Amino acid sequence: MFRLWAKIFKDNRLLRDTVIIDNGTDTRTHKIFHALDEICYQFDLGKPIWLDATVADFKRHDRARFTQDNFIEPIDFDYLEIHVIEED
């Protein structure tokens, strides 16, 4: 089982969160991208851009923060954070 937790923060307060579960047989990378697509759909967001710093953070800590720099359109929150909470 693969679970990814997504949280939206503004002014250090949690506004929304969701957990995406994937029991498929895809690679870890595909599961992450599919989960991020589902998160963006649920939160009605454009897809963020994976900057080099974001990728490095995710590789190091299994979590990443997407700020305004990662989005093309303006966002009304400080950042979107994703965190892998379980994987087999």
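Remember, it's a predicted structure, so these values are computed and weren't measured experimentally. Atom set for the values below is all heavy atoms of this structure, side chains included, hydrogens, waters and symmetry mates excluded.
With sequence neighbours left out, F2 forms a ring pair (Phe, Tyr, Trp, His ring centres under 6.0 Å) with no residue at all. Considering only residues two or more places apart in sequence or on other chains, F43 meets the ring pair (Phe, Tyr, Trp, His ring centres under 6.0 Å) condition with none of them.
Here the straight-line distance linking atom CG of D57 with atom CG of D52 works out to 12.0 Å at 0.5 Å rounding. One finds the NZ atom of K7 at 7.0 Å from the NE2 atom of H83 (value rounded to the nearest 0.5 Å). Here CD of E81 is found 5.0 Å from CZ of R63. Values are rounded to the nearest 0.5 Å. Rounded to the nearest 0.5 Å, atoms CG (L4) and CD (E87) are 10.0 Å apart.
T54 and R65 get closest at one heavy-atom pair: CG2-O, 4.1 Å. Heavy-atom minimum distance, F58 versus I32: CE2-CD1, 3.2 Å. Across every non-hydrogen atom of G46 and C40, the tightest pair is O-SG, 3.7 Å. Nearest heavy atom pair, residue K31 against residue D26, reads CE-O, 3.4 Å. Taking every heavy atom of both residues into account, T18 and W5 meet most closely at O-CD1, 3.2 Å.
Side-chain contact check for D78 and T67: no donor-acceptor pair (N or O, by modelled atom type) lies under 3.5 Å.
The hydrophobic clustering, which links ILVMFWY residues whose side-chain heavy atoms are closer than 4.5 Å, places I20 and V84 together. W50 and I75 fall within the same hydrophobic cluster, where Ile, Leu, Val, Met, Phe, Trp and Tyr residues are linked whenever their side-chain heavy atoms come under 4.5 Å apart, directly or through other members. Hydrophobic clustering places I39 together with F77 (ILVMFWY residues linked when any side-chain heavy atoms are closer than 4.5 Å, directly or through intermediates). Residue I85 is not grouped with residue I8 when hydrophobic side chains (ILVMFWY) are merged at heavy-atom distances under 4.5 angstrom, including chains of intermediate members. One hydrophobic cluster, built from ILVMFWY side chains closer than 4.5 Å, cannot hold both I21 and L36; they sit in different ones.
In this structure, E38 contributes its side chain and F33 its backbone to no donor-acceptor pair below 3.5 Å. Here the side chain of N70 pairs a donor or acceptor atom with the backbone of I49 at under 3.5 angstrom.
Among D22, D62, D88, the one residue that satisfies the salt bridge (charged side-chain N to carboxylate O under 4.0 Å, His left out) test with R28 is D62.
Applying the 6.0 Å contact sphere to CD1 of I72 captures no more than 12 heavy atoms from other residues, nucleotides or ligands.
Using a cutoff of 4.0 Å between basic side-chain nitrogens and carboxylate oxygens, D37 and K47 are scored as salt-bridged.
In this structure, the side chains of L80 and F9 stay at 4.5 Å or more apart for every pair of heavy atoms.
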* Begin with the C-alpha distance, continue with both residues' side-chain angles, and end with the deciding distance and a verdict on side-chain contact (heavy atoms from CB on, under 4.5 Å) for F66 and I82. => CA-CA 8 Å; F66 298 97; I82 61 171; 3.8 Å; yes

